[in-house]
Amino acid sequence: RSYTVSNSNSSQKSYEFRVLVDNGTCASQYSNTSTLSVNSPSIGGAAIGTKDYFGIGTGLVSLQNNRGHVIKWQHKPGTGNWTDLNGQTGTTLHYTNVNQTTKYRAIVQNGNCISQNSSEAQITIHNVPSLLLNGSENIAPGESAQLITDGGFFSYEWKKDNVVLVGETGNSITVKKPGAYNVTIE
């Protein structure tokens with residue numbers, strides 16, 4: 001015979017069963033108890049920690065909104081293949097000295113359910129921008145030089161002697177006065 005269990009109470013995760021055996025002649029007896037455990041499906045969750053660095057990166061990726069345990073983390077450097085990161089089974093993954101764009105994801109499993117991948121977090125490594133001087137290092141009165149850095153970034157903040165040059169937000173500036181110039185790029 002078969003017995004179907006249907007229960008809308010999603011908080012119940014295990015059931016105990018036993019059968020009353022009665023053949024009509026002997027005294028009735030209960031069988032041993034058996035336990036049926038029901039696991040909710042695995043949910044991979046979201047890998048949080050996408051970030052951009054220049055040259056090299058160190059930081060962390062954390063896992064949120066998952067159901068189950070992290071059975072491993074994986075990374076995918078550049079355009080390569082996914083590779084297991086041995087011994088990484090927590091909800092936070094620390095990475096150090098990453099020098100190429102790399103994706104990270106967690107593999108999550110709840111009980112004996114099928115494991116699920118989390119979303120991916122991408123650590124993007126940009127080349128360190130160059131700075132070019134177009135003109136002389138020694139600026140004579142009435143002359144100028146141009147400082148040029150790589151284009152295509154979100155923002156540029158130029159400073160002369162640690163003072164922000166208001167209105168200078170592009171990847172180049174024309175310099176007419178001597179001083180210590182630097183640029184912050186995002």
Side-chain angles (χ1 to χ4, degrees), residues 42-109 115-186:
S42 304
I43 296 176
I48 307 297
T50 293
K51 196 161 184 181
D52 289 61
Y53 296 96
F54 289 108
I56 197 164
T58 297
L60 59 92
V61 175
S62 61
L63 183 64
Q64 297 178 359
N65 302 321
N66 61 300
R67 181 187 302 139
H69 298 285
V70 175
I71 57 174
K72 62 184 167 183
W73 281 89
Q74 295 181 320
H75 71 144
K76 181 180 179 182
T79 58
N81 296 318
W82 288 103
T83 304
D84 294 346
L85 296 170
N86 294 330
Q88 301 296 323
T89 58
T91 56
T92 301
L93 172 72
H94 295 271
Y95 58 88
T96 57
N97 301 324
V98 174
N99 60 10
Q100 66 177 313
T101 296
T102 303
K103 293 180 180 179
Y104 292 92
R105 70 181 180 190
I107 311 301
V108 178
Q109 186 173 29
S115 64
Q116 296 292 320
N117 298 340
S118 71
S119 65
E120 300 169 4
Q122 180 168 301
I123 307 309
T124 302
I125 305 299
H126 301 280
N127 292 328
V128 175
S130 61
L131 184 61
L132 173 70
L133 171 64
N134 188 8
S136 174
E137 288 183 15
N138 300 312
I139 302 172
E143 292 187 8
S144 65
Q146 191 175 31
L147 295 174
I148 306 166
T149 189
D150 298 339
F153 292 100
F154 179 71
S155 69
Y156 301 84
E157 180 183 69
W158 290 91
K159 293 180 182 178
K160 176 185 177 276
D161 300 324
N162 289 323
V163 176
V164 174
L165 297 172
V166 177
E168 297 292 349
T169 58
N171 71 312
S172 67
I173 63 170
T174 300
V175 176
K176 296 182 180 181
K177 295 181 181 178
Y181 291 86
N182 63 35
V183 61
T184 302
I185 301 172
E186 290 183 356

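Small disclaimer: the values here were computed from a predicted structure and weren't measured.
For the pair Asn138 (side chain) and Ala140 (backbone), a donor-acceptor distance under 3.5 Å is absent.
Pairing each heavy atom of Thr50 with each of Ala121, the nearest pair is OG1-CA, 3.5 Å. Across all their heavy atoms, Gln100 and Pro77 have their closest contact at NE2-CB, 3.6 Å. Here the closest heavy-atom approach between residue Ser118 and residue Gly44 is recorded as CB-O, 3.2 Å. For Thr149 against Ser130, the heavy-atom pair with the smallest separation is OG1-O, 2.7 Å. Looking at every heavy atom in both residues, Val108 comes nearest to Arg67 through CG1-O, 3.2 Å. Listed here is the closest heavy atom pair of Ser119 and Arg105: O-CB, 3.8 Å.
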- Message: For Thr91 and Val70: C-alpha separation, side-chain torsions, deciding distance, then whether side chain to side chain contact (heavy atoms under 4.5 Å, CB included) applies.
- Response: CA-CA 7 Å; Thr91 56; Val70 175; 4.3 Å; yes
- Task: Decide side chain to side chain contact (heavy atoms under 4.5 Å, CB included) for Trp73 and Val61; before the verdict, give the C-alpha distance in whole Å, the side-chain angles of both, and the deciding distance to 0.1 Å.
- Result: CA-CA 10 Å; Trp73 281 89; Val61 175; 3.9 Å; yes
- Message: side chain to side chain contact (heavy atoms under 4.5 Å, CB included) for Ile56 and Ile125? Distances and angles first, verdict last.
- Response: CA-CA 6 Å; Ile56 197 164; Ile125 305 299; 5.9 Å; no
- Message: Pair Ile139, Lys177 - check side chain to side chain contact (heavy atoms under 4.5 Å, CB included), show working.
- Response: CA-CA 7 Å; Ile139 302 172; Lys177 295 181 181 178; over 6 Å; no
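Contacts classified as ring-ring contact (aromatic ring centres under 6.0 Å, His included) and involving residues 136-160 (residues at least two apart or in different chains) are given here: Phe54-Phe153.
Ring orientation note: the planes of Tyr95 and Tyr104 are close to parallel, at an angle under 30° on the 30°/60° scale.
Within the 4.5 Å cutoff, the side chain of Trp82 has heavy atoms near those of the Glu120 side chain. A 4.5 Å side-chain heavy-atom check between His69 and Thr89 finds every atom pair outside the cut-off. Leu133 has its side chain within reach of Leu147: a pair of non-hydrogen atoms, C-beta onward, lies under 4.5 Å apart. Counting heavy atoms from C-beta on, the side chains of Leu85 and Lys72 never come closer than 4.5 Å.
For Asp161, the CG atom sits in a packed shell: over 12 heavy atoms of surrounding residues, nucleotides or ligands are nearer than 6.0 Å. When the shell of 6.0 Å around NZ of Lys76 is examined, it contains more than 12 heavy atoms from other residues, nucleotides or ligands. When the shell of 6.0 Å around NE2 of His126 is examined, it contains more than 12 heavy atoms from other residues, nucleotides or ligands.
Taken to the nearest 0.5 Å, the CG atom of Asn66 stands 12.5 Å off from the CG atom of Asn117. How far CD of Glu168 is from CD1 of Ile173: 5.5 Å, rounded to the nearest 0.5 Å. Rounding to the nearest 0.5 angstrom, the gap separating the CG atom in Leu93 from the CD atom in Gln74 is 11.5 Å. We find the CD1-CG distance between Ile185 and Leu131 to be 8.0 Å, quoted to the nearest 0.5 Å. Summarising the geometry, atom CD1 belonging to Ile148 is positioned 8.5 Å from atom OG1 belonging to Thr174; distances are rounded to the nearest 0.5 Å.
Residues passing the ring-ring contact (aromatic ring centres under 6.0 Å, His included) test with Tyr181: none are found, sequence neighbours excluded.
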